[in-house]
Amino acid sequence: MISVFVPSETFLKKAVIEDFSALPDNAVWLDLFNPTQAEDKAVERLAGIAVPTREDMQEIEISSRLYIESGARYMTATLMCHSDTDMPRTTAVTFILAGHRLVTVRYDQPKPFALVETKLARACSAGVTGEMVLMELLDAVIDRCADILERVGADVDQVSHDIFEPESERHGQAKRYSQILIAIGRKGDLTSKVRESLVSIGRLVTFLSAVMEGVKWTKDMREQLKTQQRDVASLTDHASYLSSKITFVLDAMLGVVNLEQNNIIKLFSVMAVVLMPPTLIASIYGMNFKDMPELEWAHGYPFALIAMVAAAVVPYYIFKIKKWL
């Protein structure tokens with residue numbers, strides 16, 4: 001599908017093109033979503049560029065993601081998708097600047113694209129160009145990464161609170177540690193994907209800053225690009241901090257699980273020690289040898305019961321005094 005955006009007064013007008021021969025020459029943004037081979041050829045004829053294939057976009061070498069060909073600047077970045085679901089993933093998106101026209105190629109639906117489409121459909125600068133649209137997209141992508149990291153930070157704080165809450169409350173609520181471990185794993189996976197996306201965006205912004213030398217960009221766009229570089233660097237550091245914090249929370253959770261297991265084992269050990277003396281007494285009087293004087297004793301049975309109770313109670317109180325229970 002090809003979405004074409006053309007200037008109309010103070011906003012961009014969107015149209016989905018089905019007749020490839022009708023691509024307007026004044027389009028400032030061509031958005032290719034899951035394009036077919038015919039759509040690729042149509043855009044190549046209009047913009048005079050070579051649209052990369054999906055396999056080309058998956059390449060991880062810098063030379064395959066950031067390069068200049070026939071005067072057009074090709075930039076491929078890894079963006080987040082479906083970050084609000086339990087199955088977040090990343091997708092490769094290619095930005096192509098050819099003249100003052102922007103061409104984007106994608107095979108998924110990152111949320112920043114919808115946000116920018118809505119924003120530019122309401123209002124945009126006069127004389128909008130592909131470079132301006134690219135700046136808007138990069139700003140939206142960086143803001144989206146920041147929002148995700150903020151949400152992850154809040155969720156990790158909540159998980160940390162659930163782990164380190166008072167001991168009495170934890171026993172009363174019967175915490176389900178498996179769910180906490182799953183939550184930690186999901187937050188760690190999401191954070192790693194956001195960090196991967198930020199690293200990719202940082203490389204793209206650095207490349208764009210280098211190749212724009214000699215290009216007639218406005219002062220505001222140059223300052224905006226510098227701001228994006230600073231934002232990406234700070235967000236990358238914050239993502240690294242969150243990764244370290246998630247690792248700490250995971251280690252703490254495993255430590256709590258081990259502590260609970262040790263407490264259970266200790267309880268069984270104490271109960272075994274408490275029951276050993278009564279078991280010994282019962283075993284002695286259960287041997288039924290012929291020469292056992294107590295067998296003929298009228299008070300032997302209650303005496304044996306009292307001795308077994310005392311043999312169990314005394315170790316129990318010794319453990320309580322030593323605070324082993």
Side-chain angles (χ1 to χ4, degrees), residues 84-88 149-195 238-325:
D84 297 329
T85 67
D86 292 335
M87 296 296 292
L149 290 178
E150 289 176 3
R151 188 177 75 245
V152 170
D155 292 342
V156 171
D157 288 340
Q158 182 60 48
V159 171
S160 178
H161 172 74
D162 292 340
I163 295 173
F164 296 111
E165 65 184 7
E167 185 75 15
S168 58
E169 293 184 11
R170 183 161 61 246
H171 282 305
Q173 296 178 359
K175 304 296 292 183
R176 291 185 292 180
Y177 296 126
S178 60
Q179 292 186 349
I180 295 179
L181 288 172
I182 292 174
I184 294 174
R186 286 177 176 171
K187 300 310 170 186
D189 178 61
L190 181 58
T191 302
S192 66
K193 285 182 169 59
V194 174
R195 190 171 186 277
H238 188 66
S240 299
Y241 158 74
L242 282 179
S243 296
S244 301
K245 186 174 182 180
I246 290 172
T247 301
F248 165 75
V249 171
L250 177 60
D251 292 340
M253 184 66 237
L254 295 177
V256 170
V257 171
N258 290 333
L259 182 61
E260 292 292 336
Q261 291 177 342
N262 291 338
N263 288 336
I264 294 174
I265 294 174
K266 182 175 71 174
L267 179 61
F268 279 115
S269 300
V270 169
M271 293 302 297
V273 172
V274 168
L275 295 176
M276 281 176 61
T279 303
L280 177 62
I281 295 173
S283 300
I284 292 174
Y285 289 106
M287 291 187 293
N288 292 325
F289 287 117
K290 182 176 181 180
D291 295 328
M292 293 184 69
E294 293 88 346
L295 293 178
E296 303 296 333
W297 187 22
H299 302 288
Y301 178 68
F303 175 79
L305 292 180
I306 294 173
M308 286 188 286
V309 172
V313 171
V314 171
Y316 174 79
Y317 278 103
I318 291 176
F319 292 146
K320 291 287 289 185
I321 292 172
K322 292 183 175 293
K323 297 182 178 180
W324 292 348
L325 289 176

Please report the shortest heavy-atom distance between L149 and L242, naming the atom on each side. O-CD1, 3.5 Å
Which residues satisfy the salt bridge (Lys or Arg N to Asp or Glu O under 4.0 Å) test with D86, sequence neighbours excluded? R186
Measuring from L275:CG to Y316:OH, what's the distance to the nearest 0.5 Å? 12.5 Å
Is any side-chain heavy atom of V249 closer than 4.5 Å to one of K187? no
Heavy-atom nearest pair, M308 first then A282, reads SD-CB, 3.7 Å
Can you see which heavy atom on I281 is nearest to which on A311, and at what distance? CD1-CB, 4.0 Å
OG of S160 to CD1 of I180: how many Å apart, nearest 0.5 Å? 10.5 Å
Result block: side-chain N/O donor-acceptor pairs under 3.5 angstrom for residues 250-259, not counting sequence neighbours:
from, atom 1, to, atom 2, distance (Å)
N258, ND2, L254, O, 3.2

